[in-house]
There are 2 protein chains.
Amino acid sequence: MTYEGRVLAALADPTRRAIIEKLATGGRSVADIARSLPVSQPAISQHLKVLKEAGLVNDVPLGTRRIYAIDPDGLGPLRQWLDRFWGDQLAAFKAIADRDETS
Amino acid sequence: MTYEGRVLAALADPTRRAIIEKLATGGRSVADIARSLPVSQPAISQHLKVLKEAGLVNDVPLGTRRIYAIDPDGLGPLRQWLDRFWGDQLAAFKAIADRDETS
DNA sequence: GCTTATAATAAGGCATGACTTATGAAGGCA
DNA sequence: TGCCTTCATAAGTCATGCCTTATTATAAGC
């Protein structure tokens, strides 16, 4: 499976997107995530495994717990793939120009 | 279902990504796409329906045929959703830097 | 050492979705 | 009108994936 395929498949599931939204405010433990969503702890672990294999999250052990957080570099390959068909050169330059303009 | 959910689900399928890649070089008829991929014509029609409902492609009738093409605006909502968690300022700068680096 | 808490894995059930063949609808052309 | 081409839809099959409960491994605290 291609890298962008893994990323897209990972983000296609609504529960995994909910996990990403929880992690947007900072790293959280598995049990913490499980408490805030209507699925069991094993289900969360399975989703986190998929997200990790897609490169979207990383994790560090903390005692008996494990803190998962969003990987800032995880989205690069997906962006590159998307840009092949929709293009972002224009958008990227425009973002720079706008910022320079207002500074 | 949310808009980004539809877009991500549409792009998660490898056959639909293959269709997008075919359309990258310009609009094509259903039969034309079907001939270039190892699935039947009805399967292609079903995939095109999903891509259209996600806003990723549009179509115009041409006689008895129907020409499908990539919708340039189809990716906007997905980008906005992604940027909420990964940020696009960084990505924009990085895109510029990478291009300058390889030129 | 023993218990408790946390997380990963195993195994199985069930819904979803991607494909097939068969059929129908609509336009172009003799 | 009749025929052919193109595409969409219907119906059914089969694989994939998301969920559950049960179990195991590891670390912390008494």
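Lettering follows sequence order; numbering is per chain, from 1.
Under 4.0 angstrom from either OP1 or OP2 of D:dT6 there lies no side-chain N or O belonging to B:Tyr68. Contact annotation: A:Ser45 reaches the phosphate of C:dA8 (side-chain N/O to OP1 or OP2, under 4.0 Å).
If you measure from atom CD1 of A:Ile44 to atom P of C:dT9, you get 15 Å, rounded to the nearest angstrom. Note: CZ (B:Arg17) to P (C:dA18) measures 11 Å, nearest angstrom. Counting to the nearest Å, the C1' atom of C:dA8 and the CD1 atom of A:Ile67 are 16 Å from each other. Between the P atom of C:dA7 and the CZ atom of A:Arg66 lies a distance of 9 Å, rounded to the nearest Å. Distance B:Met1 CE to C:dG17 C1': 12 Å, rounded to the nearest Å. Between the CD1 atom of A:Ile33 and the P atom of C:dA7 there is a distance of 9 Å, given to the nearest Å. Nucleotide D:dC7 holds its P atom 12 Å from the CZ atom of B:Arg28, rounded to whole Å. In this structure, B:Asp59 places its CG atom 16 Å from P of C:dA26, rounding to the nearest Å.
You'll find the side chain of B:Arg16 stays beyond 4.5 Å of the side chain of B:Leu11, heavy atoms only.
Under the 4.0 Å criterion applied to side-chain N and carboxylate O atoms, A:Asp59 and A:Lys49 are not assigned as salt-bridge partners.
Proximity note for B:Val30 (side chain, C-beta onward) versus C:dA8, D:dC7, D:dT6: the nearest is D:dC7.
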Every protein N/O within reach of nucleotides 15-22 of chain D N/O, cut-off under 3.5 Å:
{"from": "D:dC18", "atom 1": "OP1", "to": "A:Arg16", "atom 2": "NH2", "distance (Å)": "3.3"}
{"from": "D:dC18", "atom 1": "OP2", "to": "A:Arg16", "atom 2": "NH1", "distance (Å)": "3.3"}
{"from": "D:dC19", "atom 1": "OP1", "to": "A:Thr15", "atom 2": "OG1", "distance (Å)": "3.1"}
{"from": "D:dC19", "atom 1": "OP2", "to": "A:His47", "atom 2": "NE2", "distance (Å)": "2.1"}
{"from": "D:dT20", "atom 1": "OP2", "to": "A:Ser40", "atom 2": "N", "distance (Å)": "3.0"}
{"from": "D:dT20", "atom 1": "OP2", "to": "A:Ser40", "atom 2": "OG", "distance (Å)": "2.7"}
{"from": "D:dT20", "atom 1": "O4", "to": "A:Gln46", "atom 2": "NE2", "distance (Å)": "3.1"}

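Comparing B:Lys49 and B:Arg35 along DNA chain D, the residue whose closest nucleotide (by nearest heavy atom) sits nearer the 5' end is B:Arg35.
Atom CZ of A:Arg17 sits about 5.5 Å away from atom CG of B:Leu8, to the nearest 0.5 Å.
Shown here are the side-chain hydrogen bond (donor to acceptor under 3.5 Å, both in side chains) partners of A:Arg6, two or more places apart in sequence or in another chain: there are none.
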With side chain to side chain contact (heavy atoms under 4.5 Å, CB included) as the criterion, how do A:Asp32 and A:Arg35 come out once you've worked through the C-alpha distance, each side chain's angles and the decisive distance to 0.1 Å? CA-CA 5 Å; A:Asp32 190 12; A:Arg35 269 189 295 271; 4.1 Å; yes
